Amino acid sequence: MPKIQDVLLSNQQAVPAIGQGTWFMGENPNIRQQEIAALRHGIELGLTLIDTATMYGDGLAEQLVGEAITPVRDDVFLVDKVLPYEASYAGVISSCEGSLERLGTDYIDLLLLHWPGSHPVEETVRGFENLKDRGLIGDWGVSNFDSDELHALPASPLVNQVLYNPSRRGVEFDLLPLHSAAAPQITTMAYSPIEQGRLLADPTLRAVAEDLGASIAQLLIAWAIRDGSTIAIPKSSRVEHTAENAASAQLRLTDQHIEAINNAFPAPLYPTPLEML
Ligand code: NAP
């Protein structure tokens, strides 16, 4: 089985360029076992980075992830998120303790602030540092942070998780260059790389995908990680989709493929506010 290529984080940890999202998982009891099977199959295929959040199903996604990964906890790089309303110093700590309980584990590899809120970020980061010192998290990062919000942080986050796919390229203008230029570098984690299914009938993407002998979902994942340093976290609740997504690691886009996508989905020419889903 071919390996999924790694991305090296600035803390020198290597993680797979393709992970697994979990938004809306754990909310429908009728497909719970199917979702667990999909996550476990993904782990077997090397999609060992799993992204979840306290917000997803108000803890139900964390419970499902916990059940899925318990037998293989140490093979997984677990990413979780704290809600901005809970991001005071004490709030970050108690939110993380609640997450650990629901996940049935004693550590989270990477804890993110889900989006910027009204608690002072210095307090939030102090909470993260406390959790890190106690070994409850491996590291911390942010999500949905635009350039000015990154500049306001007291230290560089390991990761900024943002919306990124061909129909959401605004981040290419200034945010992604800022990630690369930061010291230490901030890794981009691309969420909704399949645009929640809304790009799956696009004629340009269909033509490029056919040329590659791939599906549109696979093309979108390969496009998101094409620079070798971005991580994409597609969500799939079906074993077939998960297997397809893992196989997208083998796709190599040519300049012609990139150009066809650029023509249909132009790169931004001016700053645009960060989009969120
Ligand atoms: P997404 O991954 O772009 O799309 C998910 C949809 O694509 C699901 O309907 C899934 O169907 C379908 N799909 C997956 N693989 C497919 C394939 N090979 N062929 C056809 N369809 C396929 O959307 P997302 O869930 O919004 O984003 C991914 C993850 O990013 C989330 O789950 C979450 O972990 C994270 N996220 C973070 C934020 C944030 O604010 N930080 C916001 C949004 C998302 P099935 O489920 O039926 O397989």
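Remember, it's 1-based here, ligands and their atoms both numbered in the order they're listed. Bear in mind that the values here come from a model prediction, so they are computed numbers and not experimental data.
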Looking only at protein heavy atoms, what sits closest to atom 28 (C) of ligand 1 is I233 O, 3.0 Å

| Can D80 and Y56 be said to form a side-chain hydrogen bond (donor to acceptor under 3.5 Å, both in side chains), step by step? | CA-CA 10 Å; D80 205 339; Y56 302 162; over 6 Å; no

R238 and H41, any side-chain heavy atoms less than 4.5 Å apart: no

Heavy-atom proximity to atom 41 (N) of ligand 1 ranks first, among S143, S215, A53, for S143

Heavy atoms of the protein only: does one fall short of 4.0 Å from atom 15 (N) of ligand 1?
yes

Note: heavy atom closest to atom 43 (C) of ligand 1, options W115, F24, Y191, belongs to Y191

Of all protein heavy atoms, the one nearest atom 35 (C) of ligand 1 is D51 OD2, 3.5 Å

min-distance protein heavy atom vs atom 48 (O) of ligand 1 -> H241 ND1, 2.6 Å

Note: L112, heavy atoms under 4.0 Å from ligand 1, region reported as neither

Among S192, A243, S237, A224, closest by heavy atom to atom 45 (P) of ligand 1 is S237

of all protein heavy atoms, closest to atom 40 (O) of ligand 1 is N144 ND2, 2.9 Å

In this structure, atom 2 (O) of ligand 1 is nearest to the protein heavy atom K235 N, 2.9 Å

Same cluster or not: are L47 and V159 linked, directly or through other Ile, Leu, Val, Met, Phe, Trp or Tyr residues, by side-chain heavy atoms under 4.5 angstrom apart? no

- [ ] Would you confirm whether E123, through its side chain, and Y89, through its main-chain N or O, come within 3.5 Å as a donor-acceptor pair?
- [x] yes

Residue, atom and distance of the protein heavy atom nearest atom 18 (N) of ligand 1 read N245 OD1, 2.8 Å

The closest protein heavy-atom partner of atom 32 (O) of ligand 1 is W23 N, 2.9 Å

Atom 3 (O) of ligand 1 sits nearest the protein heavy atom I194 N, 2.8 Å

Answer yes or no: is there an ion pair linking R134 with E97, defined by an N-O contact shorter than 4.0 Å? yes

Side-chain heavy-atom pair M189, V7 within 4.5 angstrom cut-off:
no

_Quick one, T48 and F77 - any side-chain contact, counting heavy atoms below 4.5 Å?_
no

Would T242 count as a contact residue for ligand 1, given that I'm defining contact as a non-hydrogen atom of the residue lying under 4.0 Å from a ligand atom? no

The single option from K81, Q20, K235 that satisfies side chain to side chain donor-acceptor pair (under 3.5 Å) with D51 is K81

- Task: Report yes if the side chains of T54 and S99 come closer than 4.5 Å at any heavy-atom pair, otherwise no.
- Result: yes

